[in-house]
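We count ligands from 1, going down the list as the structure has it; atoms in each ligand are counted the same way.
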Amino acid sequence: MRVLVVGGGGREHALCWALAASPLLTKLFCAPGNAGIAEVAECIAISAEDISALVAFAKGKSIDLVVVGPEAPLTLGLADACAAAGLKCFGPSAAAARLEGSKTFTKEVADAAGAPTAAWARFTDAAAARGCIQEKGAPIVVKADGLAAGKGVVVAATTAEAEAAIADIMEDRVHGAAGASVVIEECLVGEEISFFALCDGETALPLGAAQDHKRVGDGDTGLNTGGMGAYSPPPAFTEALQQDVMDHIIRPVLAEMARRGAPFKGVLFAGLMITAQGPKLIEFNVRFGDPECQVLMLRLKSDLLPALLAACDGELARFDLRWEAQHAMLVVIAARGYPGSYAKGSEIRGLEAAGQVPGVQVFHAGTARREDGALIATGGRVLGIAATGKTLREARDAAYAAVDLLDWPGGFCRRDIGWRALT
Ligand code: AMP
Ligand code: GLY
């Protein structure tokens, strides 16, 4: 089979790495890819958001399956454009991708499906939003309603902080049009888990859970990022909790989406808070998480390609996913300054030595090759050093042993990935 993966981060490297191992694969392309992906796929210089160019390329190259990594092309309708062109695409339609694109839509669907989630209200008027904050008190959560690159959420410890968020989002429009309306939510307390389900519109199969580390600094301090590391499985997420989430969140939401004429096909990523009252939905994403995807791919025993095809073809009810009984951890190496401004173009050395540590797999996120062949950093999150082990501790030790072999003064990482599970 001829496959095109869309995207160019660590998640897409992990997807390409898993697909490249499939005996069913004959040719793998990735648009736009990165220097690591180029070792397993042919990288094509098309942006992940250039829908018409992606479809034209896929038609021209007789692609059998398009696999979409990031959310932006999905909300722009890549899956719909593929369907119109007679191409098979793994990822939801634009209508189903609203589960990530609009927080209000997600809350309405969750309520209609009876899925447990934080109490909420939506406001298009700043004065009314401030009134709600005064009435409910803190802690309280304020969210820009639209897509804000993961930065539109303020978990406010005080009402003053929440009101400042209203000013930023609604009046100063720091996230642009995404701030035309806000969602104000009850603050959930507990352990946060990323849970993934493979969906074919009707049937959902659990893909497992991972814990992300969103803050830039050790001990979960500092600014929010796209994710500085992940591990799987999280010990707090038991088999019983997984069953609870499948029965009360994933399957009812899938049924509600089908009822609304927008069946969900692809990976449904539920951000969960494990509260004292049980798991509650924080948000949905309509794709794999990054860096969660990398650790899930290391634990997946089944061939990924037929699993994605079964999701596209509505055949998951007859499908079985198998997992390695091992732990996986990933440490993100980011450019100094991330998630603020950072330099690009510095050279990274020592990757070969790092990749030879037993159990280690290196995923590239923001890398390119200079003309002389040197590996250079081109993004905020630059590399993911992943490792597997019989225990989480073993995976952690291998990952950090590899990290210490890197020679890149321009980079940094958190030194405490997995701390919640290891202390
Ligand atoms: P999001 O951008 O929607 O992923 O939200 C960013 C982060 O804000 C989440 O990962 C949570 O840590 C936090 N968050 C969002 N909603 C809530 C809530 N209702 N209660 C507590 N924390 C929340
Ligand atoms: N790691 C969180 C995300 O991909 O949104």
Side-chain angles (χ1 to χ4, degrees), residues 7 9-12 14-15 68-72 74-75 97 99-107 110 115-122 136 138-157 161-162 165 169 175 178-179 182-196 207 209-216 220-232 234 267-277 279-296 330 332 334 339 363 365 380-381 384 414 417 420:
R11 165 182 51 209
E12 289 76 24
L15 291 172
V68 188
E71 66 277 16
L74 295 167
T75 54
L99 281 177
E100 178 159 357
S102 164
K103 295 195 159 64
T104 304
F105 178 74
T106 302
K107 289 302 235 179
T117 173
W120 67 288
R122 175 172 179 263
K136 303 281 183 204
I140 196 158
V141 180
V142 178
K143 303 183 172 185
D145 192 27
L147 271 182
K151 296 187 181 107
V153 176
V154 176
V155 181
E161 211 182 308
I169 295 171
H175 307 297
V182 292
V183 169
I184 296 184
E185 276 185 21
E186 162 200 5
C187 187
L188 300 174
V189 180
E191 192 140 333
E192 210 176 324
I193 297 282
S194 303
F195 178 73
F196 300 86
L207 272 173
Q211 193 157 49
D212 188 9
H213 296 60
K214 291 205 167 116
R215 302 293 189 118
V216 73
D220 292 333
T221 56
L223 293 173
N224 252 320
T225 69
M228 293 300 293
Y231 61 93
S232 177
V267 175
L268 188 56
F269 164 175
L272 304 171
M273 194 72 88
I274 311 303
T275 74
Q277 294 83 44
K280 290 195 180 182
L281 177 71
I282 299 173
E283 55 157 3
F284 280 125
N285 295 302
V286 298
R287 46 156 179 96
F288 276 109
D290 186 343
E292 293 95 324
C293 181
Q294 292 86 312
V295 288
L296 292 181
L330 178 123
V332 168
F363 293 117
R381 291 188 295 175
R414 276 181 64 164
I417 303 304
R420 280 176 198 280

Show me which atoms of ligand 1 lie under 4.0 Å from any heavy atom of Glu186. 18 (C), 19 (N), 20 (N)
Kindly indicate, with the supporting measurements, whether the criterion side chain to side chain contact (heavy atoms under 4.5 Å, CB included) is fulfilled by Glu100 and Phe284. CA-CA 6 Å; Glu100 178 159 357; Phe284 280 125; 5.9 Å; no
Mind checking what makes salt bridge (charged side-chain N to carboxylate O under 4.0 Å, His left out) contact with Glu283, not counting sequence neighbours? none
Where the closest heavy atom to atom 16 (N) of ligand 1 is concerned, which of Glu192, Lys143, Lys280 has it? Lys143
Using a 4.0 Å heavy-atom cut-off, say whether Leu188 meets ligand 1 through its side chain, its backbone, both or neither. both
Contact residues of ligand 2 (heavy atom under 4.0 Å), by chain and number: Asp212, Gly226, Phe269, Arg287, Gly289, Asp290, Pro291, Glu292
State which residue, out of Ile193, Val189, Leu188, fulfils the side chain to side chain contact (heavy atoms under 4.5 Å, CB included) condition with Ile274. Ile193
Taking the basic N atoms (NZ, or NE/NH1/NH2) and the acidic carboxylate oxygens, is any pair closer than 4.0 Å for Lys107 and Glu185? yes
Would you say the side-chain atoms of Arg381 pair up with the backbone N or O of Gly227, donor to acceptor, closer than 3.5 Å? yes
Distance-only, no hydrogens or angles: does the His213 side chain make a donor-acceptor pair with backbone N or O of Gly229 under 3.5 Å? yes
I want to confirm something. Looking only at heavy atoms, which of Glu185, Lys214, Met273 is nearest to atom 19 (N) of ligand 1? Glu185
Restricting to ring pair (Phe, Tyr, Trp, His ring centres under 6.0 Å), what partner residues turn up for Phe195, sequence neighbours left out? Phe237
Need the ligand 1 atom indices (1-based, order shown) with element for anything under 4.0 Å from a heavy-atom of Cys187. 20 (N), 21 (C)
Donor-acceptor under 3.5 Å (Thr117 side chain, Leu281 main chain): yes
I'd like to check the salt bridge (charged side-chain N to carboxylate O under 4.0 Å, His left out) partners of Arg215; sequence neighbours left out, ordered by chain and number. none
Against ligand 1, does Gly271 come closer than 4.0 Å with any heavy atom? no
